[in-house]
Number of protein chains: 2
Amino acid sequence: MAELYFDDLTPGTVVDLGTTVVDRDEMVAFSARFDPQPFHLHEAEGERVFGGLAASGWFTASLWMRAYVDAVLSRAASLGSPGGDEIAWPAPVFAGDELHAEMEVLEARVSRSRPSMGLITLRGTLTRTGDGAVVYRSRFTGMFEVRPTAP
Amino acid sequence: MAELYFDDLTPGTVVDLGTTVVDRDEMVAFSARFDPQPFHLHEAEGERVFGGLAASGWFTASLWMRAYVDAVLSRAASLGSPGGDEIAWPAPVFAGDELHAEMEVLEARVSRSRPSMGLITLRGTLTRTGDGAVVYRSRFTGMFEVRPTAP
(Lines give C-alpha, C1' and ligand atoms only; values in the text may rest on other atoms or scores of the structure.)
Protein backbone atom coordinates (compact mmCIF):
# COMPACT_ATOMS: atom_id res chain seq x y z
CA MET A 1 0.00 0.00 0.00
CA ALA A 2 1.48 3.36 -1.01
CA GLU A 3 2.07 5.99 1.67
CA LEU A 4 2.53 8.92 -0.68
CA TYR A 5 -0.08 10.13 -3.14
CA PHE A 6 -0.35 13.16 -5.39
CA ASP A 7 -2.00 15.01 -2.50
CA ASP A 8 1.16 14.75 -0.40
CA LEU A 9 3.49 16.23 -3.02
CA THR A 10 2.62 19.87 -2.58
CA PRO A 11 4.61 22.69 -4.21
CA GLY A 12 7.52 23.76 -2.03
CA THR A 13 8.11 20.25 -0.70
CA VAL A 14 11.86 19.56 -0.67
CA VAL A 15 13.13 16.03 -0.09
CA ASP A 16 16.71 15.15 0.76
CA LEU A 17 17.48 12.03 -1.28
CA GLY A 18 20.76 11.27 0.47
CA THR A 19 24.22 10.82 -0.99
CA THR A 20 25.81 8.41 -3.43
CA VAL A 21 29.47 7.85 -4.28
CA VAL A 22 30.46 7.39 -7.93
CA ASP A 23 32.04 3.97 -8.37
CA ARG A 24 34.76 4.03 -11.00
CA ASP A 25 34.22 0.53 -12.36
CA GLU A 26 30.47 0.99 -12.66
CA MET A 27 30.90 4.43 -14.21
CA VAL A 28 33.25 3.08 -16.91
CA ALA A 29 31.13 -0.03 -17.52
CA PHE A 30 28.10 2.21 -18.10
CA SER A 31 30.09 4.31 -20.55
CA ALA A 32 31.34 1.23 -22.39
CA ARG A 33 27.79 0.01 -22.91
CA PHE A 34 25.81 3.22 -23.48
CA ASP A 35 28.14 6.15 -24.14
CA PRO A 36 31.55 4.93 -25.36
CA GLN A 37 33.08 8.33 -26.07
CA PRO A 38 36.82 8.40 -25.39
CA PHE A 39 36.54 11.00 -22.58
CA HIS A 40 34.14 8.65 -20.75
CA LEU A 41 36.46 5.65 -21.14
CA HIS A 42 40.08 6.74 -21.14
CA GLU A 43 41.84 8.76 -18.45
CA ALA A 44 44.04 10.78 -20.84
CA GLU A 45 41.17 11.82 -23.09
CA GLY A 46 38.98 12.67 -20.07
CA GLU A 47 41.84 14.76 -18.72
CA ARG A 48 42.16 16.65 -21.99
CA VAL A 49 38.46 17.50 -22.36
CA PHE A 50 37.11 17.63 -18.79
CA GLY A 51 40.12 17.65 -16.46
CA GLY A 52 39.57 13.99 -15.55
CA LEU A 53 37.82 10.81 -16.66
CA ALA A 54 34.19 11.94 -16.67
CA ALA A 55 30.92 10.06 -16.20
CA SER A 56 28.34 9.83 -18.96
CA GLY A 57 25.55 12.29 -18.26
CA TRP A 58 23.09 9.40 -18.54
CA PHE A 59 24.89 7.58 -15.75
CA THR A 60 24.65 10.73 -13.63
CA ALA A 61 20.94 11.06 -14.41
CA SER A 62 20.45 7.40 -13.54
CA LEU A 63 22.19 7.85 -10.17
CA TRP A 64 19.77 10.67 -9.35
CA MET A 65 16.84 8.48 -10.41
CA ARG A 66 17.90 5.69 -8.07
CA ALA A 67 18.11 8.09 -5.15
CA TYR A 68 14.65 9.44 -6.03
CA VAL A 69 13.16 5.94 -6.22
CA ASP A 70 14.71 4.90 -2.90
CA ALA A 71 13.58 7.97 -0.98
CA VAL A 72 10.27 8.82 -2.65
CA LEU A 73 8.88 6.60 -5.39
CA SER A 74 9.28 3.35 -3.47
CA ARG A 75 6.66 4.72 -1.05
CA ALA A 76 4.51 6.49 -3.62
CA ALA A 77 1.59 5.66 -5.91
CA SER A 78 3.65 6.57 -8.98
CA LEU A 79 2.33 6.25 -12.51
CA GLY A 80 5.54 7.09 -14.37
CA SER A 81 6.65 10.19 -16.20
CA PRO A 82 5.89 11.64 -19.65
CA GLY A 83 9.17 13.60 -19.68
CA GLY A 84 10.55 17.00 -18.82
CA ASP A 85 11.78 20.33 -20.10
CA GLU A 86 15.21 20.61 -18.55
CA ILE A 87 18.17 18.32 -18.20
CA ALA A 88 21.53 19.88 -17.45
CA TRP A 89 25.02 18.70 -16.66
CA PRO A 90 26.66 21.98 -15.56
CA ALA A 91 29.92 20.32 -14.42
CA PRO A 92 31.62 16.98 -15.07
CA VAL A 93 31.31 14.09 -12.62
CA PHE A 94 34.41 12.10 -11.69
CA ALA A 95 35.01 8.70 -10.12
CA GLY A 96 34.96 8.89 -6.33
CA ASP A 97 32.74 11.99 -6.25
CA GLU A 98 30.21 12.05 -3.44
CA LEU A 99 26.96 13.45 -4.81
CA HIS A 100 24.10 14.80 -2.74
CA ALA A 101 20.67 14.30 -4.30
CA GLU A 102 17.61 16.44 -3.76
CA MET A 103 14.14 16.86 -5.22
CA GLU A 104 11.74 19.74 -4.97
CA VAL A 105 8.09 19.92 -5.97
CA LEU A 106 7.57 23.01 -8.13
CA GLU A 107 3.98 22.65 -9.34
CA ALA A 108 1.06 20.28 -8.87
CA ARG A 109 -2.24 19.89 -10.71
CA VAL A 110 -4.89 17.22 -11.11
CA SER A 111 -5.24 15.83 -14.63
CA ARG A 112 -8.27 17.23 -16.41
CA SER A 113 -8.80 14.16 -18.57
CA ARG A 114 -8.20 11.70 -15.73
CA PRO A 115 -9.16 13.14 -12.31
CA SER A 116 -7.79 10.12 -10.41
CA MET A 117 -4.29 11.20 -11.50
CA GLY A 118 -2.23 14.24 -10.55
CA LEU A 119 0.82 15.68 -12.26
CA ILE A 120 3.65 17.26 -10.38
CA THR A 121 6.51 19.24 -11.85
CA LEU A 122 9.67 18.55 -9.95
CA ARG A 123 13.26 19.65 -9.91
CA GLY A 124 16.00 17.10 -9.36
CA THR A 125 19.56 18.09 -8.46
CA LEU A 126 22.85 16.44 -7.69
CA THR A 127 25.49 18.51 -5.90
CA ARG A 128 29.09 17.39 -5.38
CA THR A 129 29.78 17.57 -1.66
CA GLY A 130 33.48 18.32 -2.17
CA ASP A 131 33.19 21.66 -3.98
CA GLY A 132 29.45 22.30 -3.88
CA ALA A 133 29.20 22.19 -7.68
CA VAL A 134 25.78 21.35 -9.10
CA VAL A 135 26.55 18.51 -11.52
CA TYR A 136 22.99 17.60 -12.54
CA ARG A 137 19.76 19.51 -12.73
CA SER A 138 16.47 18.36 -14.18
CA ARG A 139 12.88 19.51 -14.36
CA PHE A 140 10.27 17.01 -15.30
CA THR A 141 6.74 15.78 -14.69
CA GLY A 142 5.77 12.93 -12.42
CA MET A 143 2.34 11.30 -12.55
CA PHE A 144 0.80 10.03 -9.31
CA GLU A 145 -2.50 8.60 -8.17
CA VAL A 146 -4.75 10.97 -6.27
CA ARG A 147 -5.40 9.60 -2.76
CA PRO A 148 -8.47 7.36 -2.89
CA THR A 149 -11.36 8.59 -0.77
CA ALA A 150 -12.58 6.28 1.98
CA PRO A 151 -15.60 4.26 0.83
CA MET B 1 41.58 11.90 -36.28
CA ALA B 2 37.95 13.00 -36.31
CA GLU B 3 36.05 13.07 -39.59
CA LEU B 4 33.13 15.17 -38.39
CA TYR B 5 33.46 18.68 -37.00
CA PHE B 6 30.97 21.36 -36.03
CA ASP B 7 31.10 22.61 -39.63
CA ASP B 8 29.66 19.33 -40.92
CA LEU B 9 26.62 19.33 -38.65
CA THR B 10 24.51 21.86 -40.48
CA PRO B 11 20.84 22.49 -39.66
CA GLY B 12 18.57 20.12 -41.52
CA THR B 13 21.06 17.25 -41.42
CA VAL B 14 19.22 14.04 -40.56
CA VAL B 15 21.16 10.93 -39.62
CA ASP B 16 19.69 7.44 -39.49
CA LEU B 17 21.21 5.86 -36.37
CA GLY B 18 20.00 2.35 -37.14
CA THR B 19 17.87 0.01 -35.06
CA THR B 20 18.26 -1.66 -31.70
CA VAL B 21 16.21 -4.43 -30.08
CA VAL B 22 15.32 -4.14 -26.40
CA ASP B 23 16.81 -7.07 -24.51
CA ARG B 24 14.56 -8.15 -21.66
CA ASP B 25 17.32 -9.20 -19.26
CA GLU B 26 19.31 -6.03 -19.78
CA MET B 27 16.19 -3.89 -19.49
CA VAL B 28 15.25 -5.45 -16.15
CA ALA B 29 18.84 -5.37 -14.82
CA PHE B 30 18.98 -1.64 -15.62
CA SER B 31 15.70 -1.10 -13.75
CA ALA B 32 16.91 -3.11 -10.77
CA ARG B 33 19.99 -0.92 -10.45
CA PHE B 34 18.74 2.55 -11.40
CA ASP B 35 14.95 2.66 -11.43
CA PRO B 36 13.49 -0.16 -9.30
CA GLN B 37 9.85 0.81 -9.59
CA PRO B 38 7.52 -2.21 -9.60
CA PHE B 39 6.23 -1.53 -13.15
CA HIS B 40 9.84 -1.68 -14.41
CA LEU B 41 10.56 -4.96 -12.59
CA HIS B 42 7.43 -7.07 -12.37
CA GLU B 43 5.25 -8.22 -15.24
CA ALA B 44 1.92 -7.91 -13.39
CA GLU B 45 2.57 -4.39 -12.18
CA GLY B 46 3.85 -3.33 -15.62
CA GLU B 47 0.69 -4.80 -17.12
CA ARG B 48 -1.51 -2.83 -14.72
CA VAL B 49 0.15 0.54 -15.33
CA PHE B 50 1.53 0.36 -18.89
CA GLY B 51 -0.01 -2.71 -20.51
CA GLY B 52 3.26 -4.63 -20.17
CA LEU B 53 6.57 -4.70 -18.34
CA ALA B 54 8.03 -1.33 -19.33
CA ALA B 55 11.60 -0.07 -19.65
CA SER B 56 12.95 2.72 -17.47
CA GLY B 57 12.98 5.94 -19.45
CA TRP B 58 16.67 6.27 -18.60
CA PHE B 59 17.36 2.93 -20.22
CA THR B 60 15.52 4.10 -23.32
CA ALA B 61 17.49 7.36 -23.35
CA SER B 62 20.71 5.38 -22.96
CA LEU B 63 19.84 3.13 -25.91
CA TRP B 64 19.41 6.23 -28.07
CA MET B 65 22.72 7.59 -26.82
CA ARG B 66 24.56 4.43 -27.79
CA ALA B 67 23.11 4.57 -31.31
CA TYR B 68 24.15 8.23 -31.56
CA VAL B 69 27.70 7.48 -30.41
CA ASP B 70 28.06 4.56 -32.83
CA ALA B 71 26.79 6.44 -35.87
CA VAL B 72 27.97 9.99 -35.20
CA LEU B 73 30.06 10.78 -32.13
CA SER B 74 32.58 7.99 -32.69
CA ARG B 75 33.63 9.87 -35.86
CA ALA B 76 33.22 13.39 -34.48
CA ALA B 77 35.30 15.92 -32.58
CA SER B 78 32.78 15.96 -29.73
CA LEU B 79 33.27 18.04 -26.60
CA GLY B 80 30.27 16.74 -24.65
CA SER B 81 26.91 18.27 -23.84
CA PRO B 82 25.71 20.86 -21.31
CA GLY B 83 22.16 19.50 -21.45
CA GLY B 84 18.86 20.04 -23.18
CA ASP B 85 15.36 21.40 -22.97
CA GLU B 86 13.22 18.43 -23.91
CA ILE B 87 13.13 14.81 -22.93
CA ALA B 88 9.94 12.88 -23.57
CA TRP B 89 8.74 9.32 -23.29
CA PRO B 90 5.44 9.50 -25.16
CA ALA B 91 4.80 5.74 -25.08
CA PRO B 92 6.13 2.83 -23.01
CA VAL B 93 8.93 0.59 -24.30
CA PHE B 94 8.62 -3.17 -23.92
CA ALA B 95 11.07 -6.08 -24.06
CA GLY B 96 11.60 -7.25 -27.61
CA ASP B 97 10.68 -3.90 -29.17
CA GLU B 98 12.75 -2.95 -32.21
CA LEU B 99 13.52 0.75 -32.02
CA HIS B 100 14.66 2.92 -34.87
CA ALA B 101 16.96 5.79 -33.84
CA GLU B 102 17.38 9.09 -35.62
CA MET B 103 19.02 12.44 -35.02
CA GLU B 104 18.40 15.77 -36.69
CA VAL B 105 20.42 18.96 -36.46
CA LEU B 106 18.04 21.83 -35.64
CA GLU B 107 20.40 24.77 -35.03
CA ALA B 108 24.12 25.49 -35.12
CA ARG B 109 26.19 28.41 -33.84
CA VAL B 110 29.81 29.07 -33.00
CA SER B 111 30.49 29.79 -29.34
CA ARG B 112 31.05 33.50 -28.72
CA SER B 113 33.33 32.94 -25.74
CA ARG B 114 35.28 30.11 -27.39
CA PRO B 115 35.40 30.43 -31.19
CA SER B 116 37.13 27.05 -31.64
CA MET B 117 33.91 25.42 -30.43
CA GLY B 118 30.48 25.20 -32.01
CA LEU B 119 27.16 24.31 -30.42
CA ILE B 120 24.49 22.39 -32.23
CA THR B 121 20.93 21.86 -31.09
CA LEU B 122 19.75 18.42 -32.04
CA ARG B 123 16.66 16.30 -31.86
CA GLY B 124 16.95 12.64 -30.98
CA THR B 125 14.10 10.20 -31.55
CA LEU B 126 13.37 6.53 -31.12
CA THR B 127 10.44 5.06 -33.03
CA ARG B 128 9.09 1.55 -32.51
CA THR B 129 9.16 -0.20 -35.87
CA GLY B 130 6.15 -2.39 -35.02
CA ASP B 131 3.49 0.32 -34.59
CA GLY B 132 5.41 3.46 -35.56
CA ALA B 133 5.01 4.93 -32.06
CA VAL B 134 7.58 7.54 -31.05
CA VAL B 135 8.81 6.25 -27.68
CA TYR B 136 11.58 8.79 -27.03
CA ARG B 137 12.17 12.35 -28.10
CA SER B 138 14.88 14.70 -26.91
CA ARG B 139 16.25 18.12 -27.78
CA PHE B 140 19.65 19.00 -26.48
CA THR B 141 22.91 20.77 -27.21
CA GLY B 142 26.08 19.12 -28.45
CA MET B 143 29.46 20.84 -28.34
CA PHE B 144 31.95 20.16 -31.14
CA GLU B 145 35.31 21.43 -32.25
CA VAL B 146 35.27 23.78 -35.22
CA ARG B 147 37.29 22.26 -38.07
CA PRO B 148 40.92 23.38 -37.71
CA THR B 149 42.18 25.50 -40.55
CA ALA B 150 45.16 24.17 -42.51
CA PRO B 151 48.39 25.78 -41.29
Side-chain angles (χ1 to χ4, degrees), chain A residues 2 20 23 26 29-41 45-46 48-50 54-70 72-74 76-92 117 135-143 145, chain B residues 2 20 23 26 29-41 45-46 48-50 54-70 72-74 76-92 117 135-143 145:
Chain A
T20 184
D23 180 84
E26 187 182 35
F30 189 103
S31 296
R33 170 63 184 102
F34 296 114
D35 194 353
Q37 298 186 76
F39 44 64
H40 292 324
L41 288 172
E45 193 58 12
R48 186 179 74 83
V49 177
F50 294 117
S56 166
W58 303 106
F59 180 63
T60 305
S62 297
L63 289 178
W64 182 84
M65 188 68 202
R66 175 57 190 262
Y68 175 46
V69 173
D70 283 354
V72 177
L73 294 183
S74 60
S78 165
L79 296 169
S81 167
D85 63 5
E86 184 185 357
I87 184 162
W89 300 286
M117 182 174 86
V135 296
Y136 175 69
R137 196 174 57 242
S138 67
R139 198 181 117 103
F140 65 94
T141 302
M143 301 184 293
E145 292 175 31
Chain B
T20 183
D23 180 84
E26 187 182 37
F30 188 102
S31 295
R33 170 62 184 103
F34 295 115
D35 194 352
Q37 298 187 76
F39 45 63
H40 292 323
L41 289 173
E45 193 58 13
R48 186 179 74 83
V49 177
F50 294 118
S56 167
W58 304 106
F59 180 63
T60 306
S62 297
L63 290 178
W64 182 84
M65 187 69 202
R66 174 58 188 264
Y68 175 46
V69 173
D70 283 353
V72 178
L73 295 183
S74 61
S78 164
L79 296 169
S81 167
D85 62 6
E86 183 184 358
I87 183 162
W89 300 287
M117 181 173 86
V135 296
Y136 175 69
R137 196 174 57 242
S138 66
R139 200 181 116 104
F140 65 94
T141 301
M143 303 183 292
E145 291 175 31

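FYI, side chains are in, hydrogens and waters are out, and symmetry mates aren't considered; it's all heavy atoms of this structure. Within every chain, numbering begins at 1; the chains are lettered A, B, ... in the order of the sequence lines, protein sequences first and strands thereafter.
The aromatic rings of F30(A) and F30(B) sit tilted relative to each other, their planes meeting at an angle between 30° and 60°.
Most heavy-atom pairs under 4.5 Å with chain B, from the set S78(A), S138(A), G57(A), G80(A): that is S78(A). No other option in S74(B), P82(B), A88(B) has as many heavy-atom pairs under 4.5 Å with chain A as P82(B). Interface check for chain A: of the options P90(B), S81(B), P92(B), the most heavy-atom pairs under 4.5 Å are formed by S81(B). Among the candidates A54(A), A61(A), S62(A), the residue making the largest number of heavy-atom pairs closer than 4.5 Å to chain B is S62(A). By number of non-hydrogen pairs under 4.5 angstrom with chain B, the leading residue of E26(A), R139(A), E86(A), H40(A) is E26(A). No other option in L73(A), V49(A), L63(A) has as many heavy-atom pairs under 4.5 Å with chain B as L73(A).
We find the OG-CZ distance between S56(A) and R66(B) to be 11.5 Å, quoted to the nearest 0.5 Å. With values rounded to the nearest 0.5 angstrom, R48(B) atom CZ is found 7.0 Å from L79(A) atom CG.
Taking every heavy atom of both residues into account, W58(B) and M65(A) meet most closely at NE1-SD, 3.3 Å.
Neither the backbone nor the side chain of F140(B) comes within less than 4.5 Å of any heavy atom of chain A. For a residue to count as touching a neighbouring chain, one of its non-hydrogen atoms must lie under 4.5 Å from one of that chain's; by this rule R137(A) does not touch chain B. Y68(B) does not touch chain A: none of its heavy atoms, backbone or side chain, sits under 4.5 Å away. Proximity to chain A is limited to the side chain of E145(B), based on heavy atoms less than 4.5 angstrom apart.
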